[in-house]
2 protein chains.
Amino acid sequence: MKGTVFVLEDDVAISGLIKVSLDMNDISSKTFSTVKDFLYALVSETPDVALLDIMLPDGSGLDVLKYVKEKHPNVCCIMLSALGKEEDKVHGLSLGADDYVSKPFSVLELTARINAALRRNRALNKKLSVGDLEINLDTMEVFLSGNRLELNRKEFELLKYFMKNAGRVLSREELLTEIWGYEQGETRTLDNHVSRLRKLGVHNLETVFGIGYKFTV
Amino acid sequence: MKGTVFVLEDDVAISGLIKVSLDMNDISSKTFSTVKDFLYALVSETPDVALLDIMLPDGSGLDVLKYVKEKHPNVCCIMLSALGKEEDKVHGLSLGADDYVSKPFSVLELTARINAALRRNRALNKKLSVGDLEINLDTMEVFLSGNRLELNRKEFELLKYFMKNAGRVLSREELLTEIWGYEQGETRTLDNHVSRLRKLGVHNLETVFGIGYKFTV
DNA sequence: AAATTATGTTACAATTGTATTACAATCGTT
DNA sequence: AACGATTGTAATACAATTGTAACATAATTT
């Protein structure tokens, strides 16, 4: 999952289309059709990117933009507007919008811009550390008590998932679907990767017999 | 060529005059008569100096100023305004304008100020260096431990992107969209360019199997 | 304790991804 | 239009990863 996008758009046909495209691109999204719902959702969760329509039934996306930029400056805002409303564009940009897309837009283009925004956002070094392990999501570096470990992609993904869910018991199915995308079927692949991680020195990987594994703190 | 100037001015008589004068002074310029055109041009090219009228048919030069200063802080902005509008002047300077010229102005004086701005701007380092590599964004020169490398445009763009994002793992997807504008599709072009850079001596380009590349420090 | 089931580990093969060369298409000049 | 430079494609060779099979070992159930 590459990030989270909140979509504020009252035309369900449009927001639906966007959602489908984001799903296909492995980007998690939530759609809202009123300013009220949107702001309410912001209380409990902060997305990486906000996609804001300007004309909404209960307010203006420009006001939302202003609010978001004030309260959550790390959220990247992309405005959507009706064709020709160039004054909105200037206004939006001056209020701190990061990008701008005019309707009608190509879903492909929009997705590309969202991807770019997510990338830009990620430029802030994001680290994750649990116990004596520390991983850097940007550089894909892993340190165990300060020493660099060389992991390949699957090993890294798996370790990342373990660390993000440290303490929880993770079933084999969960891991297989999250990391491998397997829906079902029997495989020993997971055991294998766990074994490799252990051999590299990751000691806090407990096996939960009959269920799966647990990354302990 | 001493630099590039973008002129945003809706009176064609004035912008024409400015352009002629700049041409004579070996300064490259592009003129725009609407905010829309101006912002659009900014997407693909960043000038050294922006000359901004304030009253425009589709917006205010002050909004443009704010936007430019935010997104391209190295661009030097000179405001143009009708005589007597002192409040604009104050407002503009508070938004980060570098200089201010009142209409009607002497073309000679304006040109002098632009020259001064270009000189000042040149002083700002437009260099980027990481490890033993140094690139000059103006002249497109590249030095590897002091020795000049000859790169062509794509090689330069790619290296620049790598250096700007040194340390981060850059996916093939990201590089292809950022440098090539590809939205999807499979290509070996990227591998090729990386290979060329390496052959030229750029040694700190790591391949991250299954994902992309990383420019290490 | 034997039988059954689940996991650990190793080695290897299949798969997938990359490097590099040579060449073709394209672009920008003249 | 023709030239040279640049940039993308195809093809080949090569390398890394990752899933599978096989067998060993451990845990659970009977």
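Labels below follow one simple rule: chain letters A, B, ... track the order of the sequence lines, proteins then strands, and each chain is numbered from 1. This one's a predicted model, so the numbers in the text were calculated from it and none came from an experiment.
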Whole angstrom is fine here: how far is it from [atom1] in [X] over to [atom2] in [N]?
{"X": "B:Glu150", "N": "D:dT7", "atom1": "CD", "atom2": "C1'", "answer": "17 Å"}
{"X": "B:Lys214", "N": "C:dT18", "atom1": "NZ", "atom2": "C1'", "answer": "18 Å"}
{"X": "B:Glu206", "N": "C:dG17", "atom1": "CD", "atom2": "C1'", "answer": "16 Å"}
{"X": "B:Asp191", "N": "D:dT12", "atom1": "CG", "atom2": "C1'", "answer": "14 Å"}
{"X": "A:Glu173", "N": "C:dA6", "atom1": "CD", "atom2": "P", "answer": "12 Å"}
{"X": "B:Leu197", "N": "C:dA19", "atom1": "CG", "atom2": "P", "answer": "12 Å"}

If you compare every side-chain N and O of A:Lys199 against the phosphate oxygens of C:dT10 (OP1, OP2), does one of them come in below 4.0 Å? yes
Residue met sooner reading DNA chain C from 5', once B:Ser195 and A:Val194 are mapped to nucleotides: A:Val194
State whether the number of non-hydrogen atoms from other residues, nucleotides or ligands found under 6.0 Å of A:Lys30 atom NZ is greater than 12. no
The reported gap from CG in B:Leu175 to OH in B:Tyr182 (rounded to nearest 0.5 angstrom) is 13.0 Å
What is the per-nucleotide protein-contact pattern of nucleotides 17-30 of chain D, from the 5' end, where B denotes a base atom under 4.0 Å from a protein heavy atom, S denotes such proximity for sugar-phosphate atoms only, and - denotes neither? SBBBBB----SS--
Determine to 10° how strongly the helix from C:dA1-D:dT30 to C:dT30-D:dA1 is bent, judged from the axes of its five-pair ends. 40°
Could you walk me through whether A:Ile114 and A:Ile27 pass the side-chain contact (heavy atoms from CB on, under 4.5 Å) test, one step at a time? CA-CA 9 Å; A:Ile114 290 174; A:Ile27 296 168; 4.3 Å; yes
Among B:Thr189, B:Asp191, B:Thr187, B:Thr177, find the residue that satisfies the side-chain hydrogen bond (donor to acceptor under 3.5 Å, both in side chains) test when tested with B:Arg172. B:Asp191
Quick one: does B:Lys103's side chain have a donor or acceptor within less than 3.5 Å of a partner on B:Leu80's backbone? no
Closer than 3.5 angstrom, by distance alone: can the side chain of A:Asn165 be matched with the main-chain N or O of A:Arg168 as a donor-acceptor pair? no
Describe the nucleic acid contact of A:Tyr213 in one word from base, sugar-phosphate, nothing, applying a heavy-atom distance below 4.0 Å. sugar-phosphate
Is there a side-chain hydrogen bond (donor to acceptor under 3.5 Å, both in side chains) between B:Ser60 and B:Asp63 once you walk through the steps? CA-CA 6 Å; B:Ser60 160; B:Asp63 289 332; 4.7 Å; no
Could you go through the side-chain contact (heavy atoms from CB on, under 4.5 Å) check for B:Val202 and B:Phe215 one step at a time? CA-CA 10 Å; B:Val202 181; B:Phe215 187 87; 3.9 Å; yes
Below 4.0 angstrom, N of the basic side chain to O of the carboxylate: do B:Lys160 and B:Glu157 qualify? yes
